[in-house]
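In listed order, ligands and their atoms are each counted from 1.
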Amino acid sequence: MPGDLAVGIHDLSIATTRYVLTHETLAARNGTDIAKYHEGIGQRSMSVPAVDEDIVTMAAAAAAPIIDRHGAEGIRTLFFATESSVDQSKAAGVHVQALLGLPSAVRVVELKQACYAGTAALQSAVGLIHRDPAQRVLVIAADVSKYELDSPGEATQGAAAVAMLVSADPALVRLENPSGVFTADVMDFWRPNYRTTALVEGRDSISAYLRAVEGAWTDYTEQGGRKVNDFDAFCYHQPFTKMARKAHRHLLAFCGYDADDSEISRALRHTTAYNTLVGNSYTVSMYLGLASLLDNAGELSDKAIAFFSYGSGSVAEFFGGTVVPGYRAHLRSGAHRDAISRRVPIDYARYREIHEYEFPDDGGDYPVPIENDGPYRLTGLFGHKRVYETRPARSRNG
Ligand code: HMG
């Protein structure tokens with residue numbers, strides 16, 4: 001394996017949903033003090049998919065601008081990470097391959113390990129490119145986070161997709177060796193096949209996350225990684241943005257530093273700007289944090305970024321990356337901000353209707369109304385098959 005080959009994220013594009021529910025709306029309905037949502041968990045609003053949106057339509061919307069800019073040449077692998085699968089057998093990425101018009105000479109696979117799977121996809125892509133640096137890998141993560149109505153987890157829902165083109169000589173972020181990895185068999189958060197909403201041991205899941213920070217960091221240092229002070233910014237998995245603050249404080253304490261609030265804010269504030277508005281997007285969350293950092297921070301050329309990816313159950317990974325000089329010319333900051341700001345606010349009644357909406361499982365034909373105005377939509381379920389379409393006037397967020 002060529003040791004000095006730079007491999008990493010060449011392009012990155014995000015998409016989210018048509019609708020948004022503000023935490024003010026939720027708090028007004030359930031009587032929660034809004035400060036608990038805004039300060040206590042660090043969330044302001046959450047993305048809610050329209051009935052004709054799902055992980056496939058969001059994923060295609062995120063990836064289309066990448067194909068528009070770079071073409072499909074050299075893309076021989078599409079990894080799709082999700083824990084909101086639309087089928088137990090077929091990879092959601094195969095629908096995306098068709099919607100994007102990618103060539104047939106491509107392998108498409110879906111990966112799952114809760115919120116960690118996006119990182120599994122990214123690291124697998126890096127390995128493939130080391131094997132053949134002429135290839136590029138399209139990594140897509142997409143998820144819809146759904147908890148039971150009126151449960152504590154409800155305030156931490158959200159939905160989004162991220163698409164990343166991974167290549168040699170990348171334009172945005174060079175990914176580094178080593179990685180620190182950690183696995184522990186815990187039941188902190190899970191979703192049995194017969195449920196549409198996740199089950200969670202809320203406070204235990206926070207402790208499990210923090211133990212994984214320690215475990216992955218310990219392995220990272222044992223593998224010869226950087227010192228904690230070498231990093232200029234930290235991208236954590238963000239089920240809610242306050243979790244990133246807890247994690248960073250915990251990591252610094254574990255490394256022997258007593259950080260004050262301002263130091264934590266300085267390290268994290270740009271990585272939390274999008275997540276506080278989108279909510280938990282599971283596999284996407286840490287990469288939404290990266291998009292937010294690149295789009296909103298000042299000049300980051302040659303700066304080192306730390307990544308901590310966590311997926312309940314649990315698997316975690318700590319790794320570093322360096323921002324490539326000239327990266328700003330390749331960002332999609334305007335399109336990203338637009339994807340978040342153009343969401344249409346809905347009231348609690350509409351949110352509840354969408355939350356409770358489910359296709360019957362009798363094999364009938366169930367078209368869904370046109371709601372989303374994005375480039376791709378789910379037209380319905382017909383004889384047990386989900387059918388997607390590209391809108392005639394495709395408005396990609398190039
Ligand atoms: P809860 O019981 O609603 O809230 O559950 P709480 O009572 O624990 O309060 C939350 C925070 O708000 C606390 O702060 C309170 O003090 C504060 P903390 O002590 O934690 O720093 N608070 C207030 N602050 C200001 N003004 C007020 C006020 N009232 C309270 N008036 C919980 C919160 C996060 C547990 C819940 O939302 C939940 O179960 N969420 C889902 C699970 C989750 O996100 N876990 C995170 C780690 S696991 C993970 O990241 C993986 C995951 O993404 C899944 C995957 O991997 O696929 C979830």
Side-chain angles (χ1 to χ4, degrees), residues 23-24 26-44 46-47 55 81-85 111-121 141-160 182-192 195-216 235-250 253 261 264-265 268 272 275-276 278-289 307-317:
H23 281 78
E24 267 139 6
L26 185 63
R29 139 87 195 186
N30 64 20
T32 299
D33 179 354
I34 191 63
K36 174 173 173 180
Y37 292 154
H38 287 176
E39 276 95 58
I41 59 170
Q43 291 304 122
R44 304 240 144 208
M46 46 185 155
S47 288
I55 54 163
T82 189
E83 56 178 304
S84 320
S85 283
L111 290 89
K112 180 183 71 181
Q113 176 21 61
C115 303
Y116 168 73
T119 298
D143 264 308
V144 177
S145 161
K146 198 168 169 187
Y147 293 90
E148 263 180 33
L149 292 168
D150 304 319
S151 71
E154 184 179 24
T156 66
Q157 299 175 116
F182 176 82
T183 289
D185 183 4
V186 289
M187 293 301 279
D188 58 332
F189 164 105
W190 68 107
R191 182 166 69 82
R195 287 182 64 100
T196 57
T197 53
L199 295 165
V200 63
E201 301 288 347
R203 300 305 299 185
D204 289 352
S205 72
I206 294 173
S207 311
Y209 181 123
L210 296 178
R211 281 196 303 277
V213 169
E214 288 179 23
C235 283
Y236 288 92
H237 168 56
Q238 296 173 46
F240 49 93
T241 63
K242 177 87 166 285
M243 188 69 229
R245 298 181 69 86
K246 287 177 189 288
H248 196 50
R249 188 183 297 283
H250 194 79
D261 275 354
I264 293 189
S265 295
L268 298 182
T272 57
N275 292 269
T276 192
V278 168
N280 193 355
S281 53
Y282 291 161
T283 51
V284 186
S285 165
M286 190 181 78
Y287 300 97
L288 194 63
F307 296 92
F308 175 73
S309 179
Y310 177 76
S312 283
S314 66
V315 177
E317 182 158 344

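Y236 is listed as a side-chain neighbour of H248, based on a closest heavy-atom distance under 4.5 Å. Inter-residue side-chain proximity for L26 and T32 is flagged as unmet; no heavy-atom pair is nearer than 4.5 Å. Side chains of P239 and T156 form no contact here, defined as non-hydrogen atoms less than 4.5 Å apart. Between I206 and F240 the shortest side-chain heavy-atom distance falls below 4.5 Å. By the 4.5 Å heavy-atom criterion applied to side chains, E201 and F189 are not counted as neighbours. Put simply, the side chain of Q43 reaches to within 4.5 Å of the side chain of T241, judged on heavy atoms.
For atom 15 (C) of ligand 1, the nearest protein heavy atom lies 4.0 Å away or farther. Less than 4.0 angstrom separates atom 32 (C) of ligand 1 from none of the non-hydrogen atoms of the protein. Protein heavy atoms are found inside the 4.0 Å sphere centred on atom 58 (C) of ligand 1. For atom 29 (N) of ligand 1, the protein comes within 4.0 Å by at least one heavy atom.
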Using side-chain contact (heavy atoms from CB on, under 4.5 Å), reason through N280 and S285 one step at a time and then give a plain yes or no. CA-CA 6 Å; N280 193 355; S285 165; 4.2 Å; yes

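Between F308 and H237, the gap from one ring centroid to the other reaches at least 6.0 Å.
Looking from atom 52 (C) of ligand 1 to the surrounding protein, the closest heavy atom is C115 SG, 3.7 Å. The protein atom (non-hydrogen) at minimum distance from atom 36 (C) of ligand 1 is P152 O, 3.6 Å. Nearest protein heavy-atom neighbour of atom 9 (O) of ligand 1: K36 CE, 3.7 Å. Among all protein heavy atoms, the one lying closest to atom 53 (O) of ligand 1 is H237 NE2, 2.8 Å. For atom 39 (O) of ligand 1, the closest non-hydrogen atom on the protein side is G202 CA, 3.4 Å. Remark: minimum distance from atom 25 (C) of ligand 1 to any protein heavy atom is reached at A35 O, 3.5 Å. Here the heavy atom of the protein found nearest to atom 50 (O) of ligand 1 is P239 CG, 3.1 Å. Protein heavy atom nearest atom 43 (C) of ligand 1, with residue, atom name and distance: S205 OG, 3.7 Å.
Nearest residue to atom 24 (N) of ligand 1 from S281, S207, G40 is G40 (criterion: closest heavy atom).
T119 and Y287 share a side-chain donor-acceptor pair at under 3.5 Å. Side chain to side chain, D143 and S281 fail the donor-acceptor criterion of an N or O pair below 3.5 Å. Counted by atom type alone, D188 and S312 present one or more donor-acceptor pairs between their side chains at under 3.5 Å. Side-chain atoms of R245 and T272 include no donor-acceptor pair closer than 3.5 Å.
Heavy-atom separations between K246 and ligand 1 include at least one value shorter than 4.0 Å.
Counting the atoms of ligand 1 from 1 in the order shown, those under 4.0 Å from a heavy atom of T156 are 37 (O), 40 (N), 41 (C). Near A114, meaning under 4.0 Å from any of its heavy atoms, are these atoms of ligand 1: 55 (C), 56 (O), 57 (O). The distance from ligand 1 to the heavy atoms of S312 drops below 4.0 Å at these ligand atoms: 48 (S), 49 (C), 51 (C), 52 (C), 54 (C), 55 (C), 56 (O). Distances below 4.0 Å separate heavy atoms of E83 from the following atoms of ligand 1: 55 (C), 57 (O). Within the listing of ligand 1, atoms 54 (C), 55 (C), 57 (O), 58 (C) sit less than 4.0 angstrom from a heavy atom of F189. Heavy-atom contacts of K242 reach the following atoms of ligand 1: 14 (O), 18 (P), 21 (O) (cutoff under 4.0 Å). Interface of G311 with ligand 1, defined as ligand atoms under 4.0 Å from a residue heavy atom, comprises 56 (O). The ligand atoms of ligand 1 that sit less than 4.0 angstrom from a heavy atom of D33 are 31 (N).
The two residues E154 and Y147 have their closest heavy-atom pair at N-CB, 3.9 Å.
Contacts between Y116 and ligand 1 below 4.0 angstrom, taking non-hydrogen atoms only, are absent altogether.
For the pair N280 and ligand 1, the shortest N or O to N or O distance falls below 3.5 Å.
We find that R29 and D150 are joined by a salt bridge, their nearest charged nitrogen and carboxylate oxygen being less than 4.0 Å apart.
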